[in-house]
Amino acid sequence: MLPELARPTAPRPVPLTTVGAAVDAESVIGGDGVVVTGVTSDSRRVLPGDLYVAVPGARVHGAQFAEQAREAGAAAVLTDADGSGRVVAAGLPVVVVPHPRATIAPAAAAVYGTATNAPTLFAVTGTNGKTTTTYLVRALLESLGMRAGLSGTVERVVGERSVETRHSGRLTTPEADYLHGLVARMAEDGVEAAAIEVSSHGLDGNRVDELPFEVSIFTNLSQDHLDVYGTMERYFESKMALFRPEHTRRGVIMLDGEWGRRAASEARVPVTTVATAAGPDAEAADWTVRIDHEVIARTDFTLVGPDGVQLRSSIALPGAFTAIDLSLAVVALVESGISLDRIRYALDSSDGLHPSVPGRLDLVSMDSPLRVYVDYGHTEASFRAVLHALRPFTPGRLFMVFGADGDRDRGKRPAMARAASEETDVVIVTDYNPRTEDPASIRATLLETIRTEFPEREVHEVPEPGDGIRLAIELARPGDLVFVGGHGHRADVEVGGRVVPFSARAVAVDALREFGWLDTPASARTPGEADGRTEAGERGSASDAEEDHLARAC
Ligand SMILES: CC(=O)N[C@H]1[C@@H](OP(=O)(O)OP(=O)(O)OC[C@H]2O[C@@H](n3ccc(=O)[nH]c3=O)[C@H](O)[C@@H]2O)O[C@H](CO)[C@@H](O)[C@@H]1O[C@H](C)C(=O)N[C@@H](C)C(=O)N[C@H](CCC(=O)O)C(=O)O
Ligand SMILES: Nc1ncnc2c1ncn2[C@@H]1O[C@H](COP(=O)(O)OP(=O)(O)OP(=O)(O)O)[C@@H](O)[C@H]1O
């Protein structure tokens, strides 16, 4: 059986006492002569020789799984005083610390050696554009002939190998033990640089501690996650933790808007700023982006930097925001020491960047005269950015099929409904990913805003998302465009706490065929196909161990 993707294949044994010193342990019980070769905070991922970090969580104390960890071959456990009794009872050596979650990263760094042996790491944070920008960083690196890695909402990638995030714990920013293991594997595999999505929850939960980011990108900030943070101020502060010397050497910040300006002034590391040339922050910025020409399949732009240096290029995606995301990626690479001339040469050689960003403004079929896009956006700002991008290329009606996340920031729902109503002609409200919430009440909130504030807007309520997508495609006429917001790359949704298979892309392709928009067999792209990679299995998928774990974890 192959090892997991988030583990080095040739781990080195590290004395438990060394780990104890790295985490400033209160005590190490029974650790003499014990060595560990890996670290995990999930008992279901334990491999022989591991240090299992038993974290007191919101739901359970990880020490409950000490026995299970021992049976899987754990060599020792790191936990707090509350958990240590159970570990001793399970017959394992124990390292005791006051706050186990905060010590996952230093323990993993000590075992995997990631503080000194890691690819050049780029972090991307912000409300919208993290996934997109990490894929653009990776595409740029690959266009320079560099071996690249990635970690984010869609997948974790080491060179040609990848594992989907839904099969590796589902978090955008995984736990620190996973990330350090992944970075160690990248280093072992000759990956030269990698892009990592950093969520605010990841920062709060110490998931990116001890990772030596070279450059961190701030894309933007708008309303999201207020169920957790309460105020935008606290949400902002959580993101700003990334821009401190303990996390990153430098920052690249999109200046446009109040939060961008504040991010630039409150960062505690040297920052380089980017702004749109037409915006009010252009004068103050180190780099500006000007949109030269937009067609639906391509956006041309000029990036102007210090001393007038210039890059004229294009991205094969619609929307000014995609050129902005690419500009941030270019500036981050320049800040890491890669010359702009080298980037220009690479982009000129391929006539701009042709990235594949799974589930972000994803055109479902090249062969259909009706354009249907599937997108992962689930905030007002992302709805507006994407719909503005599509509107100029829609001679007919713009349809939007969407719903809102359950168990997440309820306060953003009216603003999402407002954006959908203002920017489109026909709105179809469906369920999206209700999790444990009552889907009818989520729909009711969205519909109330639409019917009260936009009484003229054509609106349909269709609970089942597949039926909603089918209705849009059935009603559409030549010249219309259908935008499905929310599902993006996802292959499932959570309903009543159960994970149910659902692919908006697959439903859309079937509906295009059913209503006569596609005569030929579907040519729907799968994630990665457009950049030459194919299905997970062919491109070097997760190991059996990883898949097994994941099946159980889901
Ligand atoms: C609020 C939050 O972030 N919670 C995370 C946290 O949960 P928790 O503290 O409640 O942990 P717990 O379930 O009590 O378990 C305690 C410990 O026991 C371990 N355990 C548990 C069961 C078992 O059989 N064996 C075992 O070892 C767990 O791995 C954990 O270490 O630690 C868990 C283990 O890593 C995470 O799965 C969980 O994420 C939950 C599921 C979650 O939904 N998080 C979201 C909010 C999140 O982090 N989202 C951001 C993206 C946001 C965005 O931008 O959209 C992300 O980065 O993904
Ligand atoms: N710079 C940007 N500004 C606004 N919207 C953007 C920007 N970049 C991408 N988007 C759009 O925002 C939505 C989310 O994009 P993406 O998944 O890249 O962001 P994210 O930060 O990773 O979000 P999430 O954490 O929810 O996955 C998509 O609709 C995407 O097309």
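Quick note: residue numbers are just sequence positions, from 1. The structure presented is a predicted model; accordingly, all values stated were derived computationally and were not measured.
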Next item on the list: Supply the atom-to-atom distance Thr127 OG1 to Leu221 CG, rounded to the nearest 0.5 angstrom.
Entry: 4.0 Å
Note to self: Has Ser368 got a side-chain atom pairing as donor or acceptor with Ser365's backbone, closer than 3.5 angstrom?
What the structure shows: no
Notebook entry, point to check: Judged by atom type as modelled, is there a donor-acceptor pair below 3.5 Å linking the side chain of Asp409 to the main-chain atoms of Leu226?
Noted result: yes
Next item on the list: Ignoring hydrogens and angles, tell me if any N or O in the side chain of Glu437 forms a donor-acceptor pair with the backbone of Asp407 under 3.5 Å.
Entry: yes
Margin query: Just by distance, no angles: are the side chains of Glu380 and Ser222 close enough, under 3.5 Å, to form a donor-acceptor pair?
Written below: no
Check: Ring centres of Phe402 and Phe383 under 6.0 Å apart?
Finding: yes
Notebook entry, point to check: Measuring from Phe515:CZ to Leu471:CG, what's the distance to the nearest 0.5 Å?
Noted result: 8.0 Å
Margin query: Whether the side chain of Arg185 engages the backbone of Val183 through a donor-acceptor N/O pair (distance < 3.5 Å, no angle test) should be reported.
Written below: no
Item checked: Any donor-acceptor N/O pair, Arg360 side chain to Thr131 backbone, under 3.5 Å -> no
Note to self: Using modelled atom types and a 3.5 Å cut-off, is there a donor and acceptor pairing between side-chain atoms of Arg435 and backbone atoms of Gly406?
What the structure shows: yes
Check: Can you name the one residue among Asp405, Leu446, Thr449 that meets side chain to side chain contact (heavy atoms under 4.5 Å, CB included) with Arg413?
Finding: Leu446
Note to self: Just verifying a value: how many Å separate Phe218 CZ and Leu255 CG, rounded to the nearest 0.5 Å?
What the structure shows: 10.0 Å
Note to self: Which heavy atom of Arg166 sits nearest to which heavy atom of Asp492, and what is that distance?
What the structure shows: CD-OD2, 4.0 Å
Note to self: How about CD on Glu448, more than 12 heavy atoms from neighbouring residues, nucleotides or ligands closer than 6.0 Å, or not?
What the structure shows: no
Next item on the list: Could you tell me whether the side chains of His489 and Asp362 share a donor-acceptor contact shorter than 3.5 Å?
Entry: no
Checklist line | Stepwise side chain to side chain contact (heavy atoms under 4.5 Å, CB included) check, Arg470 with Asp467 | finding: CA-CA 5 Å; Arg470 265 191 296 279; Asp467 290 343; 2.6 Å; yes
Next item on the list: List the atom of Ala476, the atom of Trp517, and the distance in Å for their closest heavy-atom pair.
Entry: O-CZ2, 3.4 Å
Check: Using 30° and 60° as the class limits, which term best fits the ring planes of Phe236 and Trp259: parallel, tilted or perpendicular?
Finding: tilted
Next item on the list: Go through the steps to decide whether Arg408 and Asp227 satisfy the test salt bridge (charged side-chain N to carboxylate O under 4.0 Å, His left out), and finish with yes or no.
Entry: CA-CA 6 Å; Arg408 296 284 185 276; Asp227 50 330; 5.4 Å; no
Note to self: Can you give me the closest heavy-atom contact between Gly396 and Arg391, atom names plus distance?
What the structure shows: O-NH1, 4.2 Å
Margin query: Is any side-chain heavy atom of Thr172 closer than 4.5 Å to one of Thr165?
Written below: no
Notebook entry, point to check: Under the 3.5 angstrom rule, does the side chain of Asn220 hit a backbone N or O of Gly126 as a donor-acceptor pair?
Noted result: no
Check: Taking the side chain from Tyr52 and the backbone from Ala69, do they hold a donor-acceptor pair closer than 3.5 Å?
Finding: no
Notebook entry, point to check: For Gly479 and Thr394, which heavy atoms make the closest approach, and how far apart are they?
Noted result: O-CG2, 3.8 Å
Next item on the list: Calculate, to the nearest 0.5 Å, the distance between atoms CD1 and CZ belonging to Ile217 and Phe122 respectively.
Entry: 7.5 Å
Notebook entry, point to check: Quick one: are Leu317 and Pro355 in side-chain contact, heavy atoms under 4.5 Å?
Noted result: yes
Checklist line | Whether over 12 other heavy atoms sit under 6.0 Å from His99 NE2 | finding: no
Check: Does any non-hydrogen side-chain atom of His201 lie less than 4.5 Å from one of His225?
Finding: yes
Margin query: So if I apply the side chain to side chain contact (heavy atoms under 4.5 Å, CB included) rule between His460 and each of Leu447, Thr430, Leu475, Val429, which one comes out positive?
Written below: Leu475
Margin query: Checking side-chain polar atoms at under 3.5 Å, does Arg207 have a donor or acceptor matched by the opposite partner on Thr173?
Written below: no
Check: What's the shortest heavy-atom distance between Arg138 and Ala148, and which atoms?
Finding: CG-CB, 4.0 Å
Notebook entry, point to check: For Glu155 and Tyr135, does a side-chain donor sit closer than 3.5 Å to a side-chain acceptor?
Noted result: yes
Note to self: Quick one, Asp204 and Tyr229 - any side-chain contact, counting heavy atoms below 4.5 Å?
What the structure shows: yes
Item checked: Glu175 and Arg101: CA distance, side-chain angles, deciding distance, salt bridge (charged side-chain N to carboxylate O under 4.0 Å, His left out) verdict -> CA-CA 9 Å; Glu175 287 295 349; Arg101 196 181 286 282; 2.9 Å; yes
Checklist line | Side chain proximity check, Asp177 to Val53, heavy atoms < 4.5 angstrom | finding: no
Margin query: What I'd like to find out is whether the side chain of Arg371 reaches to under 4.5 Å of the side chain of Leu390, using heavy atoms alone.
Written below: no
Margin query: Please determine whether side chain to side chain contact (heavy atoms under 4.5 Å, CB included) holds for the pair Tyr235 and Lys239, giving the CA-CA distance in whole Å, both sets of side-chain angles, and the decisive distance to 0.1 Å.
Written below: CA-CA 7 Å; Tyr235 177 35; Lys239 293 271 185 206; 3.7 Å; yes
Margin query: Between Ser238 and Arg234 (side chain of the first, backbone of the second, donor and acceptor by atom type, cut-off under 3.5 Å), is there such a pair?
Written below: no
Note to self: Regarding Arg418 and Glu453, does a basic nitrogen lie under 4.0 Å from an acidic carboxylate oxygen?
What the structure shows: yes
Notebook entry, point to check: Which value, rounded to the nearest 0.5 Å, describes the distance between Thr40 atom OG1 and Leu47 atom CG?
Noted result: 8.0 Å
Checklist line | Side-chain (Arg86) to main-chain (Phe65) donor-acceptor, under 3.5 angstrom | finding: no
Next item on the list: Could you check Arg384 against Glu422 for salt bridge (charged side-chain N to carboxylate O under 4.0 Å, His left out), going step by step and ending with a plain yes or no?
Entry: CA-CA 9 Å; Arg384 288 194 191 276; Glu422 281 171 5; 2.9 Å; yes
Next item on the list: Evaluate the salt bridge (charged side-chain N to carboxylate O under 4.0 Å, His left out) criterion for residues Lys412 and Asp224: first the C-alpha distance (whole Å), next the side-chain angles of each, then the deciding distance (0.1 Å), finally the verdict.
Entry: CA-CA 7 Å; Lys412 68 179 178 175; Asp224 207 356; 2.8 Å; yes
Notebook entry, point to check: Cationic tip of Arg45 within the cone over Tyr178's six-membered ring, i.e. under 6.0 Å and within 45° of the normal?
Noted result: no
Next item on the list: Indicate yes or no: at least one non-hydrogen side-chain atom of Thr219 is less than 4.5 angstrom from one of Leu328.
Entry: yes
Check: Of the non-hydrogen atoms in Ala323 and Ile291, which two are nearest, and what is the gap between them?
Finding: CB-CD1, 3.6 Å
Next item on the list: Name the orientation class of the two ring planes belonging to Phe502 and His487 (parallel below 30°, tilted from 30 to 60°, perpendicular beyond 60°).
Entry: tilted
Notebook entry, point to check: Using a distance-only test with no angle check, is there a side-chain donor-acceptor pair under 3.5 angstrom linking Thr379 and Gln223?
Noted result: no
Checklist line | side chain to side chain contact (heavy atoms under 4.5 Å, CB included) between Leu203 and Val198, intermediate numbers included | finding: CA-CA 7 Å; Leu203 284 158; Val198 178; 3.6 Å; yes
Checklist line | Any Pro439 side-chain heavy atom under 4.5 Å of Pro463 side chain | finding: no
Check: For the atom pair CG (Leu361) and CG (Asp375), what is the distance rounded to the nearest 0.5 Å?
Finding: 5.0 Å
Item checked: Residue pair Thr276, Met254: steps toward the side chain to side chain contact (heavy atoms under 4.5 Å, CB included) verdict -> CA-CA 9 Å; Thr276 47; Met254 187 65 202; 4.1 Å; yes
